[in-house]
Amino acid sequence: MLEIIVDPSKGRQILDFRLLGFSDVLILGHYLYRAARSPLQIHDHGDLMEICYLAEGCQFYRVGNKDYFLNGGDVLINYPHEPHGTGVWHEGKGNLYWMILQPPSPQSEFLGLSPANGKILYESFFQFPSRQFRLKAGTQKNLDLIFANFETEKISICSDQSFLLSEKANPFFPMNIQNYLLRFLLDLVESAQSQHQTNISAEMIRVIDQIKTNEEMFYTMRQLAKIAGLSESRFKHRFKEEIGTTPANYQIRHKIDSACRMLRSGQTILDTALSLGFSSSQYFATVFRRYMGMSPAEYGKTT
C-alpha cells in the first residue's frame, strides 16, 4: 500500500491531496534540512500557483529576473507560469513549507466554499500588495496539524488511487484537513493584505548593526545579549521572535552572504576568510559548504 507521506527519512514530507479527491490544494510539502542541499532548478508549475513559507532559516529565490531573500517567517508567492527556483543558490538549511494550488473552475467549490466565495478567495491572492510578506503569528500551526493528522491516522492508497481509512480512523479526517487548509489560506490573505510585519525593536536593531559593521567579529551569545541590554535567555527568545532565526544562524548567514559578495568581486578565499573573522581558509570553506552546498572555489566558478 502506498503511503501519502513521502521521503520523511531525507527531511522531506510531501502530501498529495489529489489522492484524497481534492482538486483545489493539490500538494503540501515540508522540508527540514540540517545542511544545504543542491540548488532548486528554475522551473514553473504551468497554471498552478505555489505558496512558499520559510518557517526558519534564510533562503534566496529567483522569480523571473528578480531575486528575493527570505528570512524565517516570510512567505513568497509564485504565480502561474512564472519561472522560479534558487538559481545558483543551494536550498539552505532551514524549515520550509510549500503548497500548490489549482485555480477553481466557475462551477467548482474551493475547499468547501461556494464557487462564488472560492473565486473571491483565490483571486485575492493576485491582489496582494507584495508577493513577499511576513506571516502572522500562529498561522503555521494549521500546517503542522495537517502533518500531525496524517501521521496519526492510518492512511493508505488503494489500487484505484482512492484513499482508505482504517476502521479506527477518525471519519472526520478529510474535513479536518480541509478546515486546516482553509484556515491557513485565510490567515495568509489577512497577513498579506495587512502587510503584516514583525516590529523590530531598537535592541535588535542595535545588535544587527553591530554584527553588520564588525564582520571580522564572532560574537558570543553573552556579548550580543549585553549589546541588547537583555539576559541571554530573553535575548535569544526576542531575537528569534523578531528576526525569524537564531542569533548564531543570523551571524553566520550574514558572513556567508558577505563572503559571496567578496568572492564575486574577485577577492581571494584566504582574504575573504580572514576579513570575516574565520581562523583559517579551511574552516571558512567548511562553513561555506554547509550553507551553500559547494566550496568557495566552486562558487567562484559559478559567478
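Fair warning: this is a prediction, and the values are worked out from it, not measured in the lab.
Side-chain contact between Trp98 and Ile27: present, with at least one pair of heavy atoms (C-beta onward) separated by less than 4.5 Å. A heavy-atom distance below 4.5 Å is not found between the side chains of Glu109 and Asn117. Two residues are said to be in side-chain contact when any heavy atoms from C-beta on lie closer than 4.5 Å; Ile256 and Arg253 meet this criterion. A 4.5 Å side-chain heavy-atom check between Lys255 and Val287 finds every atom pair outside the cut-off. Residues Thr139 and Phe184 meet the side-chain proximity criterion, which asks for heavy atoms closer than 4.5 Å. Under the 4.5 Å side-chain criterion, counting only non-hydrogen atoms from C-beta, Leu181 is in contact with Phe17. Taking the side chain as every heavy atom from C-beta outward, Phe69 and Gln132 never approach each other to under 4.5 Å. Two residues are said to be in side-chain contact when any heavy atoms from C-beta on lie closer than 4.5 Å; Gln267 and Ser275 meet this criterion.
Atom CD1 of residue Ile146 and atom CG of residue Asn179 lie 9.5 Å apart, to the nearest 0.5 angstrom. The CG atom of Asn214 lies 10.0 Å from the CG atom of Asp209; values are rounded to the nearest 0.5 Å. From Thr246, atom OG1 reaches atom CE of Met221 across 6.5 Å, with rounding to the nearest 0.5 Å. Atoms OG1 and CD, from Thr272 and Glu215 in turn, are 11.0 Å apart once rounded to the nearest 0.5 Å. Considering CD1 of Ile208 and OH of Tyr250, their distance stands at 4.5 Å, rounded to 0.5 Å. Between atom CD of residue Gln140 and atom OH of residue Tyr97 there is a gap of 4.0 Å, rounded to the nearest 0.5 Å.
Between Arg206 and Ile227, the closest heavy-atom pair is NE-O, 2.9 Å. Residues Pro103 and Leu48 come closest through the heavy atom pair CD-CD2, 4.3 Å. Nearest heavy-atom pair, Ala273 versus Ser280, reported as atom, atom and distance to 0.1 Å: CB-O, 4.1 Å. Closest heavy-atom contact between Gly85 and Ile42: N-CD1, 3.6 Å. Contact detail for Leu230 and Arg234: the closest heavy-atom pair is CD2-CG, 4.3 Å. Summarising the geometry of Ser295 relative to Glu298, their closest heavy-atom pair is N-OE1, 2.8 Å, with the distance given to 0.1 Å.
With Arg131 contributing its side chain and Leu76 its backbone, the two residues share no donor-acceptor pair below 3.5 Å. Checking side-chain atoms of Thr245 against main-chain N and O of Gly72 turns up no donor-acceptor pair under 3.5 Å. The backbone N or O of Leu145 lies less than 3.5 Å from a partner atom in the side chain of Asn149, making a donor-acceptor pair. No donor-acceptor pair closer than 3.5 Å links the side chain of Lys236 to the backbone N or O of Ser231. In this structure, the side chain of Gln13 does not engage the main chain of Phe147 through any donor-acceptor pair within 3.5 Å. A donor-acceptor pair under 3.5 Å is formed between the side chain of Ser194 and the backbone N or O of Glu190. No donor-acceptor pair under 3.5 Å is formed between the side chain of Gln127 and the backbone N or O of Gln193. Although no hydrogens or angles enter the test, the distance criterion places a donor-acceptor pair under 3.5 Å between the side chain of Asp74 and the main chain of Asn71.
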Kindly determine whether Asn95 and Glu56 satisfy side chain to side chain donor-acceptor pair (under 3.5 Å), including the steps that lead there. CA-CA 5 Å; Asn95 184 5; Glu56 184 175 1; 5.1 Å; no
Step by step, would you call Asp271 with Thr268 a side chain to side chain donor-acceptor pair (under 3.5 Å)? CA-CA 5 Å; Asp271 286 345; Thr268 67; 3.3 Å; yes
Show, in sequence, the C-alpha distance, side-chain angles and deciding distance for Gln251 and Tyr219, and conclude whether the side chain to side chain donor-acceptor pair (under 3.5 Å) test is met. CA-CA 8 Å; Gln251 189 171 191; Tyr219 290 100; over 6 Å; no
Step-by-step side-chain contact (heavy atoms from CB on, under 4.5 Å) determination, Tyr33 to Leu96: CA-CA 9 Å; Tyr33 289 165; Leu96 182 137; over 6 Å; no
Begin with the C-alpha distance, continue with both residues' side-chain angles, and end with the deciding distance and a verdict on side-chain contact (heavy atoms from CB on, under 4.5 Å) for Ile269 and Leu263. CA-CA 7 Å; Ile269 294 173; Leu263 293 170; 4.1 Å; yes
Given side chain to side chain donor-acceptor pair (under 3.5 Å), test Glu242 with Ser201 step by step and report yes or no. CA-CA 8 Å; Glu242 296 183 28; Ser201 64; 3.0 Å; yes
Apply side-chain contact (heavy atoms from CB on, under 4.5 Å) to Leu143 and Tyr180, showing your working. CA-CA 7 Å; Leu143 302 178; Tyr180 296 139; over 6 Å; no
Show your reasoning for whether side-chain contact (heavy atoms from CB on, under 4.5 Å) applies to Met204 and Phe235. CA-CA 9 Å; Met204 297 307 110; Phe235 166 69; 3.8 Å; yes
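Linking Ile, Leu, Val, Met, Phe, Trp and Tyr whenever their side-chain heavy atoms come within less than 4.5 Å leaves Leu270 and Tyr299 in two separate clusters. Under the 4.5 Å side-chain heavy-atom criterion for Ile, Leu, Val, Met, Phe, Trp and Tyr, Leu274 and Ile211 are members of distinct hydrophobic clusters. By the criterion of side-chain heavy atoms lying less than 4.5 angstrom apart, applied directly or through intervening Ile, Leu, Val, Met, Phe, Trp or Tyr residues, Leu26 is grouped together with Tyr31 in one hydrophobic cluster.
Glu91 meets the salt bridge (Lys or Arg N to Asp or Glu O under 4.0 Å) test with no other residue; sequence neighbours excluded. Residues satisfying the salt bridge (Lys or Arg N to Asp or Glu O under 4.0 Å) test with Asp67, not counting sequence neighbours, are Arg62. Partners of Glu203 by salt bridge (Lys or Arg N to Asp or Glu O under 4.0 Å), not counting sequence neighbours, listed by chain and number: Arg238. Taking the ring-ring contact (aromatic ring centres under 6.0 Å, His included) definition, one finds that Phe278 meets it with Phe218, Tyr283, Phe284, sequence neighbours left out. Listed by chain and residue number, Glu232 satisfy the salt bridge (Lys or Arg N to Asp or Glu O under 4.0 Å) test with Arg222 (two or more places apart in sequence, or in another chain).
By the 30° and 60° cut-offs, the orientation of the rings of Phe128 relative to Phe133 is perpendicular. The aromatic rings of His43 and His45 sit perpendicular, their planes meeting at an angle over 60°, well past the 30° parallel limit.
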Which donor-acceptor pairs under 3.5 Å do the side chains of residues 118-125 make with protein atoms, sequence neighbours left out?
from	atom 1	to	atom 2	distance (Å)
Ser124	OG	Leu121	O	2.5

